[in-house]
Amino acid sequence: MTEAKQNAFTLEVQENGIGVITIDVPGESMNTLKASFADEVTELLETIKANSELKGLVFISGKPTSFVAGADIRMINDCRTAADAESLARQGQALFNELESLPIPVIAAIHGPALGGGLELALACHGRVVSDSPKTVLGLPEVQLGLLPGSGGTQRLPRLVGLQQGLTMMLTGKQLRPKQAYKLGLVNEVVPQSILLEAAMELALKGKPTAPKAKLNTMGKVLEGPLKSVLFSKAREQAQKKALNNYPAIDRIIDTVRIGATQGFEAGLAYEAKQFGELAMTSVSKQLRGIFFATTEMKRETGAEGVQPALIKKAAVLGGGLMGGGIAHVTINKAKLPVRLKDISNDGVNNALAYHHKLLAPRLKRRHLTKAEFEKQILMLTGTLDYSGFKDADIVVEAVFEDLELKQQMVADVETHGAEHTIFATNTSSLPITQIAAKAKRPEQVIGLHYFSPVEKMPLAEIITHAKTSPETIATTVEFAKRQGKTPIVVADGAGFYVNRILAPYMNEAARLLLAGEPIEALDKALVKFGFPVGPIALLDEVGIDVASKVAPILSNELGERFDAPEAFQKLIDDGRKGRKSKKGFYRYDSKAKGKEVDTSVYSLLGVSPNGSMSTHDMAERCVLPMLNEAAWCLQENIIQSPRDGDIGAIFGIGFPPFLGGPFRYMDTLGIKTLVARLESYAEKEGSRFEPCDLLKEMAEKESSFY
Ligand SMILES: NC(=O)c1ccc[n+]([C@@H]2O[C@H](COP(=O)([O-])OP(=O)(O)OC[C@H]3O[C@@H](n4cnc5c(N)ncnc54)[C@H](O)[C@@H]3O)[C@@H](O)[C@H]2O)c1
């Protein structure tokens, strides 16, 4: 007997005459829309049209935590041509048009994320009722994948919430919470989840709802008035200022909305589908989708195949400084685990408590947290000057000063005061984990867990194993980092691990260019134009010139002279210039500085006159090539396990331009042969630090690629 095919949509007519359509995509934890549902939905719509008794329809999800998380992105990857993708969009549009044109009221009852295609489905309904749960979010995040909403979203959203809000949502991909969505007029009602279905049915029984805030007319009015061109050009200017023309979807979204607004809904839809098709074929969208798949895949991995993580019920943190405070906060706020924090001074403990409070307070103010939850989370962090409360900690994250002996002492202390099973995870940024674990009684429970500053914002965690780290320790630490909201990559022990190791040659090269007379603003601009969120010199100020100069010799001792940092930088340290934290660096941080202003005294201190004339392209190339080469070195030496991990690490750890897909995808785009030739030509002119690694040379010869 063959099993009956399970449907994603089931219709059940209630006694009150409302048809409830439950969306429950078989075999998936979240609902995503697929082209293969088209026949099923068409059939469903026929049944509905044939039933004259039906008084209304309600769409609700059968999944406990999501309405519809979006369209299944794999569909787009299956499209070979822009025409394929355009017809995919056309198909979605046609179905949603048909839904919208039903004579009976159609209401979406939303609990959990309604994103992308999920929100487009809800927009095609006549009304939307959402649960007041923090899990409920609404948005059109297609821009983050280099796309635009292709199933009518570009046309329906601005008609509902107004041009400006609609454009902002689509250009930023911003997700709205229930109350924000209500304020904008995107949803008709916000109700407790327990009465979601009832409320939606009640709304349907009242007849087709009109748009909640009657914003429908504003679009027409604005477009007739003198504001029209200002609005569109302003939106374009603002969005592109941020994206520096690196994201083609931005312009297309604005054009599509404009066409719909000036030439009508149908023309808007046709243009939307065409743009969707073209964008789907761009390299930017392909790269961004690649990152999306990589992170989805990584969410499922445990870090140690076949090994289950141990349950963590309580965490402890050593050191309440900049990093310790942030680590304690995310452990409580994201992972929902209580934290015991030890410092050697009351100041240290108080600093962490204050930091945790400072990050929670705005969440209370904006009502993302109830008063009770806020108080609970405040109480979940307790401080100590001794090891009391460490006995039942399942994991201890160490973030004390960067000093090998001190860290070894911390391992010994935790072995004495913790439990037999307590994992010791060190947040060192430069010390080899092997050395920190050298005197451990239980080295298998010592591991690196490297966060990036500020911890509550930066999405990456590097998990560093040494030869003796056990698979259970790896799996448990990976799970712990995921619970803190991080994307972990597991890397091998070695100076600089992965992220700082590829960052160093890039920063060193920028420093060399500065010493050769290239102006600081020009250098930073060149790399921002390339796609980094900040330029290398501004980054040096953020990281701390003192910190960078401490790490530099460790790297060159371990990895060789290609890591030698320019000696002239010692002059900056001697001058007390540490960067932003000392309010003295390459840029000015005094109150008189207007915006981002270079502190020109730095030039005389370094003995250079800023008169360089290198092109933006050449400056960027000279800084980026050593980073790419170093990423390849890391793969060659098995510091990272795959190009995928290397790409995600660079994008999430240092903001490598996501639209280029990460260093490895970018190397593939350049072509390994071309890359090797460029590196060799620089090696000839500038020195052996540009010499391509063996892996790249072999790949160039075989004409192979990373993906
Ligand atoms: N700052 C960064 O951007 C960054 C990024 C990644 C990793 N790290 C690493 O994280 C660690 C901490 O860095 P930070 O910037 O938070 O330093 P920090 O100086 O701000 O804080 C260190 C804290 O450790 C406390 N401490 C010192 N000895 C202690 C002991 N015996 N027991 C308990 N507490 C003790 C200090 O009192 C201080 O509060 C270092 O290993 C650093 O290399 C820093």
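Predicted model, so just to flag it, every value in this text is computed and none were measured.
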Check whether any side-chain heavy atom of [X] lies under 4.5 Å from a side-chain heavy atom of [Y], and answer yes or no.
| X | Y | result |
| --- | --- | --- |
| V143 | M170 | no |
| P663 | L628 | yes |
| M169 | L186 | yes |
| D84 | D78 | no |
| L95 | L121 | no |
| Q263 | Y271 | no |
| E189 | Y182 | no |
| V20 | M201 | yes |

Spacing of [atom1] belonging to [X] relative to [atom2] belonging to [Y], to within rounding of 0.5 Å:
| X | Y | atom1 | atom2 | result |
| --- | --- | --- | --- | --- |
| D132 | H111 | CG | NE2 | 9.5 Å |
| E120 | L140 | CD | CG | 6.0 Å |
| Q275 | D251 | CD | CG | 10.0 Å |

[X]-[Y] side chain donor-acceptor pair, cut-off 3.5 Å:
| X | Y | answer |
| --- | --- | --- |
| Q93 | E272 | yes |
| K63 | T65 | no |
| T296 | R300 | no |

Could you tell me whether [X] and [Y] have a side-chain N and a carboxylate O separated by less than 4.0 Å?
| X | Y | value |
| --- | --- | --- |
| D255 | R258 | yes |
| K49 | E98 | yes |
| R159 | E100 | no |

If only atom types and distance count, is the side chain of [X] paired as donor or acceptor with the main-chain N or O of [Y] below 3.5 Å?
| X | Y | value |
| --- | --- | --- |
| Y666 | D647 | no |
| Q144 | K174 | no |
| N31 | S61 | no |

**Study point:** Stepwise side chain to side chain contact (heavy atoms under 4.5 Å, CB included) check, K486 with K334
**Key:** CA-CA 10 Å; K486 304 297 166 205; K334 296 273 183 198; over 6 Å; no

Check your understanding: For K179, does the NZ atom sit with more than 12 other heavy atoms under 6.0 Å from it, leaving out its own atoms?
Key ->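 No, the 6.0 Å shell around NZ holds no more than 12 heavy atoms from other groups.
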
Practice item. Any chance you could lay out the side chain to side chain contact (heavy atoms under 4.5 Å, CB included) test for V25 and K34, step after step, and finish with the verdict? Key: CA-CA 9 Å; V25 179; K34 301 178 203 325; 4.1 Å; yes

Practice item. With sequence neighbours left out, write down each residue that passes salt bridge (charged side-chain N to carboxylate O under 4.0 Å, His left out) with E278, or none if nothing qualifies. Key: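 Salt bridge (charged side-chain N to carboxylate O under 4.0 Å, His left out) list for E278, sorted by chain: R252, K274.
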
Review point. What are the two closest non-hydrogen atoms of S133 and P178, and how far apart are they?
Key: O-CG, 3.8 Å

Exercise for review: Run the numbers on L11 and L57 for side chain to side chain contact (heavy atoms under 4.5 Å, CB included), then give the verdict.
Suggested key: CA-CA 9 Å; L11 170 69; L57 277 184; 4.1 Å; yes

Practice item. Begin with the C-alpha distance, continue with both residues' side-chain angles, and end with the deciding distance and a verdict on side chain to side chain contact (heavy atoms under 4.5 Å, CB included) for N333 and L359. Key: CA-CA 10 Å; N333 186 247; L359 293 174; over 6 Å; no

